[in-house]
Undergrad: 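Can you keep this structure in mind? I'll have questions shortly.
Side chains included, hydrogens not; waters and symmetry mates left out as well; all remaining heavy atoms used. Numbers restart at 1 for each chain; the letters A, B, ... are given by sequence-line order, proteins then strands.
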There are 2 protein chains.
Amino acid sequence: MNEEQNIFHKYLEKHDLRDTLQRELILQIFLRREGHISAEQLYDLVKKRDPSIGQATVYRALKLLIEAGLAREIDFGDGVIRYEHKYNHPHHDHLICRGCGKTLEVVDSVIEKLQKRVAESYGFELTDHEMYLYGYCENCRQKRQ
Amino acid sequence: MNEEQNIFHKYLEKHDLRDTLQRELILQIFLRREGHISAEQLYDLVKKRDPSIGQATVYRALKLLIEAGLAREIDFGDGVIRYEHKYNHPHHDHLICRGCGKTLEVVDSVIEKLQKRVAESYGFELTDHEMYLYGYCENCRQKRQ
DNA sequence: ATTGCAATTGATAATCATTATCCTTTTGCA
DNA sequence: TGCAAAAGGATAATGATTATCAATTGCAAT
Ligand SMILES: [Mn+2]
Ligand SMILES: [Mn+2]
Ligand SMILES: [Zn+2]
Ligand SMILES: [Zn+2]
C-alpha cells in the first residue's frame, strides 16, 4: 500500500467513513493519472473498469480526496473544474497557451514573496493565491506567422 | 456625452449595430456603478428604471461592452462572473478577504515584470494573466482572535 | 456466520448562471 | 412611409454540479 492510500484510509477511519470498492477504484485511477483531470474524464476512466459506478459517486469521491488532502481543484475559467494530485505535489501556478491549451506548472519564489508582501501592505494575512499566466507557446507562435 | 459613450457609439457604428434605448440605459447604469457587478445585479438596477427590459438583453449588452473595450470580466471562482470598468481602469489584480469577501485592487510592477520573465523562460509570449490573492483582512483577523 | 443500521450508492431530478431559440418589435435608411 | 435587418422579450435549453431517495452494503457487535 502506498502512502496516498494510507492517508486515504486514515482519513476514512478518522471520520467514520466506509472503505468501499468504488472509493478504492476511483482513488487508484486518480493516482495513476498525472496532470489535470476533470470529474467527467475521471468518470470515463472509472467506467471502463466498472461500468456500474455512477458519476455522482465520482464527484463524491473527489470531494473526499480533497478533504483528505490528496487532491486539489484547479479552475481554468472554462466552466469545468479540474483536479490534480496534492500529495508530494506542492503549490505551483499555471502557464497556459491560448492557442493549443497546453499548460505548464511554474513557480517563482520571488513572485511568491512579493505576493505576501503586497498582501501585508494592505493589512492582509495571505493564506493562498491563484495565478494564471496566459500566452502563446513557441509552437503556436511559429504556426501563426 | 462622455468619452465612454463616445467609444460605445463608435463601436456600434463600426459594426453596423443599432443604437437602442436598452443599450443606452444599460451602458449608463453600468458606468455609474463603480466596482465589480454581476449580470444579475446589473439587471436588477436596470429593471428599476425600465421593468420591461429582459435579462437576456443585459447579458447581450454586457458582451457588447466587453467587445467595445468598456468592460472586463472578473471570475472570483464562485460561479458568477462579475464585470468592471475597463476604460481608464488599467490592469490590476485582486486581493480578497476569505472572511468578509472584501476585495482590493492591487498592482505590483515587479511581479508584473517577473510574470513576463517566467513565461518567456518557457518560450511563451505572455498576453495576459490573472492573479487572485486570498487572505484575511485586518478586521476579520481581529474578530477571530 | 448473522444481524442491525447508518453510511453509501446509482439513478434521476433539481440548480443555477448563462445561451439559444423564436416570434414580435424597433431601428436605420432609402 | 416602407422595408429589411437587427434587436428585444419571453422562455426553453444547456451543462456542470448538487440534492434526493430508495435500494444496497460495510462493519461492529452479537
Ligand atoms: Mn498543476
Ligand atoms: Mn477590479
Ligand atoms: Zn500552444
Ligand atoms: Zn475581511
Undergrad: Does atom CZ of B:Arg33 have more than 12 heavy-atom neighbours from other groups under 6.0 Å away?
TA: no

Undergrad: Have A:Glu105 and A:His89 got a donor and an acceptor in their side chains that come within less than 3.5 Å?
TA: yes

Undergrad: Decide yes or no for A:Asp108 and A:Asp93: does some side-chain heavy atom of the first lie under 4.5 Å from some side-chain heavy atom of the second?
TA: no

Undergrad: Polar atoms only, N or O, under 3.5 Å: list the protein pairs with nucleotides 28-30 of chain C and their distances.
TA:
residue : atom : partner : partner atom : Å
C:dG28  : OP1  : B:Asp19 : N            : 3.2
C:dG28  : OP1  : B:Asp19 : O            : 3.4

Undergrad: Is the count of non-hydrogen atoms from other residues, nucleotides or ligands lying under 6.0 Å from A:Glu13 atom CD greater than 12?
TA: no

Undergrad: Mark yes or no: A:Arg144 above the aromatic ring of A:Tyr136, with NZ or CZ under 6.0 Å from the six-membered ring centre and no more than 45 degrees from the axis.
TA: yes

Undergrad: C:dT9 phosphate, OP1 or OP2: any side-chain N/O from A:Arg23 under 4.0 angstrom?
TA: yes

Undergrad: Is it the case that the side chains of A:Gln28 and A:Arg49 hold a donor-acceptor pair, with the cut-off being a distance below 3.5 Å and no angle test?
TA: yes

Undergrad: When you measure from the side-chain N and O atoms of A:Gln22 to the phosphate of C:dG10, is any distance below 4.0 Å, counting only OP1 and OP2?
TA: yes

Undergrad: Kindly state which residues belonging to residues 32-60 of chain B come within less than 4.0 angstrom of DNA chain C, counting heavy atoms of the residue only, listed by number.
TA: B:Ala56, B:Tyr59, B:Arg60

Undergrad: Find the distance A:Leu62:CG to D:dT18:C1' and express it as a whole number of Å.
TA: 14 Å

Undergrad: Check A:Glu73 with A:Arg82, please: is the shortest side-chain N to carboxylate O separation under 4.0 Å?
TA: no

Undergrad: Look at atom NZ of A:Lys113 and say whether more than 12 heavy atoms of other residues, nucleotides or ligands are closer to it than 6.0 Å.
TA: no

Undergrad: Within the 3.5 Å criterion, strictly below it, is a donor on B:His91 or B:Glu112 matched to an acceptor on the partner's side chain?
TA: yes

Undergrad: Please state how far atom CG in A:Leu25 lies from atom P in C:dT8, giving the value in whole angstrom units.
TA: 17 Å

Undergrad: Rounding to an integer number of Å, can you tell me how far B:Glu24 CD sits from C:dT27 P?
TA: 11 Å

Undergrad: Regarding A:Asp128 and B:Arg98, does a basic nitrogen lie under 4.0 Å from an acidic carboxylate oxygen?
TA: yes

Undergrad: Quick check against the 3.5 Å criterion: does B:His94 have a side-chain atom that pairs as donor or acceptor with the backbone of B:His92?
TA: no

Undergrad: Which residues in residues 63-84 of chain A have a heavy atom closer than 4.0 Å to any atom of DNA chain D?
TA: A:Lys63, A:Gly79, A:Val80, A:Ile81

